[in-house]
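Scope of the values below: all heavy atoms of this structure, side chains included, with no hydrogens, waters or symmetry mates. For reference, positions follow the sequence shown, starting with 1.
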Amino acid sequence: MNMRLTPFIVFLFLAIASSAQKKPLDHSVYDGWQNIAERLISDNGNFIAFTVVPQEGDGHLYIKKKDGTNVAEIARGYNANMTDNSRFLICRIKPFFKDTREAKIKKKRPDEMPKDSLAIVDLNTGKITKVAQVKSFKISDEQAQFLAYHLEKKPATPAPKNAQTDSSAKSLAPVAPPAPRVAAEPFDEGTDLVVQNLITGDTIVYHLVSEYFFNKKGNILLLETTKKTGDAKIKPQVVKVDLMNKKKAIVLTGFNDAKAYRMDEVGNQLAFIAERDSSTKSLQKFYKLYYHKEGTDSAVLLVQKNTSGMPTNFTLSENAQAISFSKSGNRLFFGTGPILPVKDTITPDFERVSVDVWHYKDDYLQPLQLRNLQQELNRAYLARFDFEKGTVVQIGSPAFRSIIQTNEGDGAVFYGVSDEGKRIASQWQGASFSDLYAINPLTGSKQLILSNVKGNTYPSSTGKYLVVYDEVKKKYTSFNSESQKMTPIATDVKVPLYDIENDVPDDPNAYGLVGWMENDESLLIYDQFDIWQIDPIGVKPSINITGGLGRKNNLVLRNITLDREARFIKKNQTLLLNVFNRKNKGSGLKTHIMGTLFDIAASTATLPLRISAVSKAKDASVISFGTETFQRSSNISVIDWKPNSLLQDVQTAQSLHQPNPQQSQYNWGTAELFTWKAYTGKTAEGIVYKPEDFDPNKKYPMIAYFYERSSDGLFGYSAPAPTPSRLNIPFFVSRGYIVFVPDIWYKTGYPGQGAYDYIVSGTRALVAKGYVDSTKLGLQGQSWGGYQIAHLITRTNLYAAAWAGAPVANMTSAYGGIRWGTGLNRQFQYEKTQSRIGATLWDKPNLYIENSPLFHFPKVKTPVVIMHNDADGAVPWYQGIEMFTALRRLGKPVWMLNYNNEDHNLVERRNRKDIQIREQQFFDYLLKGGKPAKWIAEGVPAVLKGRDWGLGY
């Protein structure tokens, strides 16, 4: 019997030895760790393309057939597109990473930097054609036949080495004085545009091109050309090319600037704005709207600032997004905006006043106005050109900044949302209440539908209905534009259609809409688990199309949008649903044909993994997706769409690529769902990450990392990476730490207590398991997590080390502060959202003090590192300073890292790498008994900044 067990024992010994021999992760692994970035599937489902990119370095584009057969590979390929006929793939090719890096080191000018190339791949043969020095490309849509690529400017040709200039020769003739030179207007000269017929290979080159566009049908190409340096005869032009017969039509000649080109779908109509009267240095320019129709000689002027119907003191907006044709092409929309006073350029800079005037009647605070200044300057108010009357119909206005077009611009009624006179309150509410209007797009007339609404609006596909979710009332209503009636809907649904787990002191959001059914017959609405079919006039009974099986089996069912251009759901359409198991956190896919009986069983609905990046071939029943677990990064897989068998297909799907084979060399880890009883009495959930070579008989140091709730991400992969701020979980787990990520639930007015109740109770529950060393416990968190750490160390001495990123230490001073990244005042955070006080500072000052760590810092015994950066756009960095100076004054062990000119979360990769090293050194010192690094033991004086980073021991 022992002899028969010997092979198994030998295998087990080898497996244990292999595991023991695995290396721990170190800081050198980051750059080469990969992920799948772009994912494409051809319309016929036969070809899959994807890019595999390292964190730093050169990526790779792979093209495969759905059975896994290689078609082609392109080193450094990216930005891939496939033609609609599934015949060609076009992509850009980046220069070598090392070449770009070297050019940056040498501080080369932009025109001297290495440039992209282009690759054209024949998917049927795998043949690759490359073109150098390409700055952009576009492919035609429905024709799927033409490719246009724009070349970089050709480098200047140096003078021949044998060229001579006789600078020493002296002329005997008298020299005339040079004629006075007039400085030419600066402009960017266009470059060559190559248009290639992908089927025949024929090419045409157009010179001096600055912009180019295909219409949606792909049969028309629009070109904008520029002047030529040194040749006054050549003038800028707008040219329209019929690609089928190669006929060119010059739409406009001679202008200073033209932009915002829009064509209708068939390419018969063109609209754009142009400015022909000013110099490039003019401080005030007035654009005009031009229009060209197929068969006419050139573009005609439609609208200028004095056109009938144009609001007083308004002109054409430069905002390109404002111009559009309706789906039918019968309506032309554009944007208008107020004429602003000219800036003062006469007064010299050193004498010109620069001041921000804050006024209590302003809609928004000055920081928010300044943050959104360019957006406001670009703001366009919707208008329509009436072709019959030759006038402007103004639809939007400063009061009606948000206009909802319906039926792709052809709707009989549009809808307007106005918060005029209600915007100031957003300072403390976080959002403003709005009035809803029905708008006649032919006349611009407006009719009030509903006042003081806080919530969401959902127009039907035709625009006949507007469904409104009112967050305050927690109810849906529907406006019928034909009957002019507002009707409550979904009143017979007995389960909440709003977020019942909302734990901030604000009205809960709705779970939202799946979409509208064809002909506006009904709409589909989510509850917490299931999907309901609702009558928009509130007469027919509501139908739970998923049969209540989501709720019964604790499964969250959500539709995956496969066609983002679809305006409605058809009666017999097959939906593809994402299935999430709330109990075990597994994922699955499920198909459901509208109008049929829904069936699902919890035991077979999901798998222990995460499914993501799901897409379907446009013209075939082929699905591409990725699966991942904590042990395995997301791959790319393909299955054939088979109704009611998708979950089984996921298990046996063809995996086309699995990144990071090098991971097998390293000690990795496991992720487990952990439950315990919180101090509130509620059963709590969290994730426990253990080393791959975990030994239950050992005692491990543990770091608790948290934000709010994370357990639904049990099967999410986390790459070892220099993170912006969060804990590098796989790195610490690989090096022998347990990492605990608890879910936290909050009670209004007591956010600090919520953190204590869940984090500390969860920590003690894990210590009770026997494998965590109760004397070697750490905390790490950023932003809201950083605040909770600052609070916790005033409440307990359980933790031996803490790392708090961008913490709020003093709610009383943070309450009135500014989030400089957005310009928003922070009051709303405390009254309505994350900070969860639920009252003003004057109503409940005791809660602000109770939840402010600053007032309790004398109790702290835990050594703590603060990271707070001087360009933090979310939490003012004086909060970190208040915490540091208070703890320093109290004689507590405290350090603070300020990464200069860095944001709330670190942006620069060099800084991300640095903080990973410092975090490891800090936790190894206090939780593993390691030697303190120099920055910990001695600090880094300013005189050594840039000379000694303090990372040595």
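In this structure, the side chain of N728 engages the main chain of A721 through a donor-acceptor pair within 3.5 Å. At distances below 3.5 Å, at least one donor-acceptor pair connects side-chain atoms of D870 with backbone N or O atoms of N901. Of the possible donor and acceptor atoms, one in the side chain of Y848 sits under 3.5 Å from a partner among the backbone N and O of A839. At least one donor-acceptor pair under 3.5 Å links the side chain of Q429 to the backbone N or O of A431. Here the side chain of R551 pairs no donor or acceptor atom with the backbone of D530 at under 3.5 angstrom. Judged by distance alone, the side chain of N869 and the main-chain N or O of A871 form no donor-acceptor pair under 3.5 Å. Side chain of K422 to main chain of D435: no donor-acceptor pair is present (N/O by atom type, distance under 3.5 Å, no hydrogens or angles). D527 places a side-chain N or O within 3.5 Å of a backbone atom of F529 that can act as its donor or acceptor partner. D743 places a side-chain N or O within donor-acceptor distance of the main-chain N or O of S711, the cut-off being under 3.5 Å. Judged by distance alone, with hydrogens and angles left aside, the side-chain atoms of R889 form no donor-acceptor pair with the main-chain N or O of F884 at under 3.5 Å.
In this structure, H27 and F731 have parallel ring planes: the angle between them is below the 30° cut-off, well short of the 60° mark. Below 30°, between 30° and 60°, or above 60°: for F740 and F674 the angle between ring planes is above 60°, a perpendicular geometry. By the 30° and 60° cut-offs, the orientation of the rings of H791 relative to Y787 is tilted. Relative ring orientation between W842 and Y815 is described as perpendicular, the plane-to-plane angle rising above 60° on a 0-90° scale split at 30° and 60°. Between W803 and F923, the ring-plane angle classifies as tilted under the 30° and 60° cut-offs.
Taking every heavy atom of both residues into account, T862 and A800 meet most closely at CG2-C, 4.0 Å. Heavy-atom minimum distance, S783 versus V875: OG-CG2, 4.5 Å. Contact between N851 and P751 at its shortest, heavy atoms only, is OD1-CD, 3.2 Å. Closest non-hydrogen pair, Q780 versus E919, comes out as NE2-OE2, 2.9 Å.
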Using the side-chain contact (heavy atoms from CB on, under 4.5 Å) rule, take Y526 and L497 through it: C-alpha gap first, then chi angles, then the decisive distance, then the call. CA-CA 7 Å; Y526 293 118; L497 299 176; over 6 Å; no

Are K454 and D470 close enough, and set up right, to give a salt bridge (Lys or Arg N to Asp or Glu O under 4.0 Å), and what steps lead you there? CA-CA 6 Å; K454 177 171 173 277; D470 189 315; over 6 Å; no

Output, in order, the C-alpha distance, side-chain angles, deciding distance and verdict of salt bridge (Lys or Arg N to Asp or Glu O under 4.0 Å) for D503 and K747. CA-CA 7 Å; D503 67 349; K747 179 182 176 183; over 6 Å; no

Apply side-chain contact (heavy atoms from CB on, under 4.5 Å) to S612 and E628, showing your working. CA-CA 8 Å; S612 61; E628 65 185 83; 4.1 Å; yes

Please walk me through it: do N905 and S725 pass side chain to side chain donor-acceptor pair (under 3.5 Å)? CA-CA 6 Å; N905 296 300; S725 56; 2.6 Å; yes

Stepwise, does the side-chain contact (heavy atoms from CB on, under 4.5 Å) test hold for V894 with I866? CA-CA 8 Å; V894 59; I866 305 161; 3.8 Å; yes

Residue pair R709, E685: steps toward the salt bridge (Lys or Arg N to Asp or Glu O under 4.0 Å) verdict: CA-CA 9 Å; R709 292 187 284 278; E685 292 181 318; over 6 Å; no

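Taking the six-membered ring wherever Trp is involved, the centroid distance between the rings of F400 and Y437 falls below 6.0 Å. Ring pair F922/W895: centre-to-centre distance below 6.0 Å. Proximity of the aromatic rings of Y700 and Y737 is defined here by a centroid distance below 6.0 angstrom, and this criterion is not met.
Comment: R401 engages D419 in a salt bridge, judged by a side-chain N to carboxylate O separation of less than 4.0 angstrom. Salt bridge present: R918 and D914 bring a charged side-chain N and a carboxylate O closer than 4.0 Å. Using a 4.0 Å cut-off between a side-chain N of Lys or Arg and a carboxylate O of Asp or Glu, E501 and R582 qualify as a salt bridge.
Screening R819, Q879, H904 for a side-chain hydrogen bond (donor to acceptor under 3.5 Å, both in side chains) involving D872 leaves a single residue, H904. A side chain to side chain contact (heavy atoms under 4.5 Å, CB included) with Y899 holds for exactly one of M867, H868, R912, E908; it is M867.
Annotation: the span from M811 atom CE to S835 atom OG amounts to 5.0 Å, rounded to 0.5 Å. For the atom pair E831 CD and R826 CZ, the distance stands at 12.5 Å (nearest 0.5 Å). Note that CD of Q366 is 5.0 Å distant from CG of L370, once rounded to the nearest 0.5 Å. One finds the NZ atom of K861 at 13.0 Å from the CD1 atom of I793 (value rounded to the nearest 0.5 Å). For the atom pair CE (M883) and OG (S852), the distance works out to 12.5 Å, reported to the nearest 0.5 Å. Rounded to the nearest 0.5 Å, atoms CG (N810) and CG (L854) are 5.0 Å apart.
Counting heavy-atom neighbours within 6.0 Å of K474 NZ, excluding the residue itself, gives a total above 12. More than 12 heavy-atom neighbours from other residues, nucleotides or ligands sit within 6.0 angstrom of NZ on K690. At most 12 non-hydrogen atoms from other residues, nucleotides or ligands lie less than 6.0 angstrom from OH of Y925.
With a 6.0 Å cutoff to the six-membered ring centre and a 45° limit on the axis angle, R836 counts as a cation-pi contact of Y746. Judged by a 6.0 Å distance limit and a 45° cone about the ring axis, K682 is positioned over the six-membered ring of W745. Taking the ring axis of F715 as reference, the NZ or CZ atom of R610 does not stay both within 45° of it and closer than 6.0 Å to the ring centre.
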